[in-house]
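All values reported here derive from a predicted model rather than from experimental measurement.
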Amino acid sequence: MHEALTGLLARRTVADRATWRSLWDRLGDGTLPREQAVALLASLATRLPDPATLHALTGSLRERHPTPAGDTWPGTVNVVGTGGGPATFNISTAAAFVAAAAGVRVVKTGSRAYTSSLGSVDLLERLGVRSTSSRGETEDVLDEHGIAFAGPFVYPAELARLARTVAPVSMKPFGRFLNAVGPFLGELPVAAQVTGVSRLMPLDDLRALAGTLTDRTVWLCANDVGADELLGFADNVVHVNDGRLLRLGPGRVVAAEGGLEDLRPVPREQAARHFLAVLGGRAHPVATRTVCLNAAALSVAAGHHTTWETALAAAEAAVADGAAVDLVGRLRARRAAPRTPHPSGARRG
């Protein structure tokens, strides 16, 4: 059995990155037995390893999928949550549209549903919005529309190899691990990242992991309700990877009225219609207010606005004047247009 796996199963620290490199090499050349791949995922899904092990594990994956030197997207923010916690509609996806409509450059990463009934990818398909398939395409769409939904190419190929290796075992049981570490594995040259952390996730471990990312500002957002979004009616805390702590109590930025019952997901067949109603300000006021609060967070994290008040006003204006809904329409029209491949998927000069 591979020493990385024996260490995990024995709950020992495996902080030697070379050990993890060896594991991924064996996975890549097909010499890692399937039962060991299943055991690896089962161990990680049961309990995240200690911080030193988690740092080595994620670092060994990130280095296999590095961002090219000098490649940066100034003023761009990535929004991605951990999932879990109370069931809500796709708030972070809605916030991405509103923030982009208000002038913030946004890249949204996500997945299909692991812990919810409808993941961001599932919702985008229902909206008719296509994810990008390369770095070059992502930058082109970002430049044209101010927002891009990046596909799985941003994540280390080893995750896809794990899925193929353990098949026909579904990856869904391992969703908690993938949701927890996924936000720290995406290869995107953004300036900032906003990640909601639900009550099901080990916040202290993820804070330590966020502290290892030195190429971007990272906001980890949590609250006393346990949701992985900022909520106007909750006590919210934002942990920044530079050591700052931001507190947003009830009513600090938006009105404190409402509760989780106003944010519940709707049946899948109604999800797209409800989502557009939220973006257009035609749904429950608490739903739209919550989306605007999270859009304001993206704006402040990215440095687009320096105060919560001006960021919120811009988000509310993007809803009121229809810009957020119009943005969905433009991205939907892009899906109907033929793809124009970017040369080798490379970044433009």
Side-chain angles (χ1 to χ4, degrees), residues 1-15 17 19-21 23-24 26-28 32-65 78 80-85 92 109-117 119-122 152 154-187 193 195-213 218 220 222 226-228:
M1 184 176 290
H2 194 279
E3 58 184 312
L5 183 54
T6 58
L8 278 182
L9 295 177
R11 298 300 176 191
R12 295 196 306 266
T13 297
V14 186
R17 195 173 290 192
T19 301
W20 291 104
R21 291 175 184 140
L23 179 74
W24 307 131
R26 291 193 59 186
L27 176 68
L32 185 73
R34 177 178 178 275
E35 60 270 18
Q36 291 191 34
V38 173
L40 169 67
L41 281 172
S43 175
L44 294 172
T46 301
R47 186 177 71 182
L48 287 183
D50 62 88
T53 299
L54 192 59
H55 183 193
L57 187 162
T58 55
S60 69
L61 285 171
R62 283 173 59 84
E63 71 183 16
R64 300 173 84 89
H65 193 35
N78 172 223
V80 55
T82 63
S92 64
T109 52
S111 64
R112 295 191 183 278
Y114 283 121
T115 57
S116 62
S117 62
S120 61
V121 173
D122 306 305
V154 302
Y155 297 108
E158 285 70 21
L159 298 181
R161 291 193 186 106
L162 270 176
R164 291 194 298 268
T165 301
V166 304
V169 175
S170 169
M171 291 289 281
K172 192 163 187 175
F174 313 116
R176 180 176 181 272
F177 164 71
L178 297 173
N179 280 350
V181 303
F184 306 96
L185 295 178
E187 184 266 314
Q193 174 178 317
T195 295
V197 181
S198 77
R199 65 187 175 198
L200 297 182
M201 298 298 170
L203 177 60
D204 289 343
D205 291 344
L206 298 186
R207 286 177 59 195
L209 194 54
T212 68
L213 300 182
V218 180
L220 298 183
D228 67 341

Open item on the list: For a quick test of reading the model, state the closest non-hydrogen atom pair linking A42 to F174 and the distance between them.
Closed with: N-CE2, 3.6 Å
Open item on the list: So, taking the atom named CD in Q36 and the one named CG in L27, what distance separates them when rounded to the nearest 0.5 Å?
Closed with: 11.0 Å
Open item on the list: Using side-chain contact (heavy atoms from CB on, under 4.5 Å), reason through W20 and L61 one step at a time and then give a plain yes or no.
Closed with: CA-CA 8 Å; W20 291 104; L61 285 171; over 6 Å; no
Task: Least distance between heavy atoms, L206 atom then A180 atom - done: CD2-O, 3.7 Å
- [ ] Any side chain to side chain donor-acceptor pair (under 3.5 Å) involving residues 39-49? Give me the pairs, sequence neighbours left out, ordered by first then second residue.
- [x] none
- [ ] Taking all heavy atoms of L185 and all of Y155, pick out the closest pair and write down the distance.
- [x] C-CD2, 4.2 Å
Task: Single hit among L48, L44, V181 for side-chain contact (heavy atoms from CB on, under 4.5 Å) with L57 - done: L44
TODO: Find the distance between CG (L54) and CG (L209) and round it off to the nearest 0.5 Å.
DONE: 5.0 Å
Open item on the list: I want to check something: taking the side chain as every heavy atom from C-beta on, are R207 and P51 in contact at a cut-off of under 4.5 Å?
Closed with: no
Task: Least distance between heavy atoms, S198 atom then G83 atom - done: OG-O, 2.7 Å
Task: Chi angles and distances behind the side-chain contact (heavy atoms from CB on, under 4.5 Å) call for T58, T212 - done: CA-CA 10 Å; T58 55; T212 68; 5.5 Å; no
Task: Of L203, D205, V197, the residue whose pairing with M201 passes side-chain contact (heavy atoms from CB on, under 4.5 Å) - done: V197
Open item on the list: Distance check, rounded to the nearest 0.5 Å: M1 atom CE versus E35 atom CD?
Closed with: 8.0 Å
Task: Side chain proximity check, R21 to E63, heavy atoms < 4.5 angstrom - done: yes
Open item on the list: Can you tell me how far apart CG (L178) and CG (L159) are? Round to the nearest 0.5 Å.
Closed with: 6.5 Å
Task: Donor-acceptor under 3.5 Å (T195 side chain, V80 main chain) - done: yes
Task: Flag side-chain contact, heavy atom, 4.5 Å: L23 against L5 - done: no
Open item on the list: Nearest 0.5 angstrom please: L40 CG to L32 CG, how far?
Closed with: 7.5 Å
Task: Close side-chain approach of M171 to L41, heavy-atom, < 4.5 Å - done: yes
Open item on the list: Could you report the tightest heavy-atom contact between W24 and S60, atom names first, then the distance?
Closed with: NE1-OG, 2.8 Å
Task: Check: T19 and H2 side chains under 4.5 Å, non-hydrogen atoms - done: yes
Task: Within-4.5 Å side-chain heavy-atom neighbours: R11 and D50 - done: no
- [ ] Locate the shortest heavy-atom distance separating P183 from Q193; write the atom from each residue and the value.
- [x] O-NE2, 2.9 Å
TODO: Look only at the side chain of R199 and the backbone of G84, and say whether a donor-acceptor pair between them is shorter than 3.5 Å.
DONE: no
Task: Backbone N/O of P33 and side chain of R26: donor-acceptor pair under 3.5 Å - done: no
Task: 4.5 Å side-chain heavy-atom contact, E3 and V14 - done: no
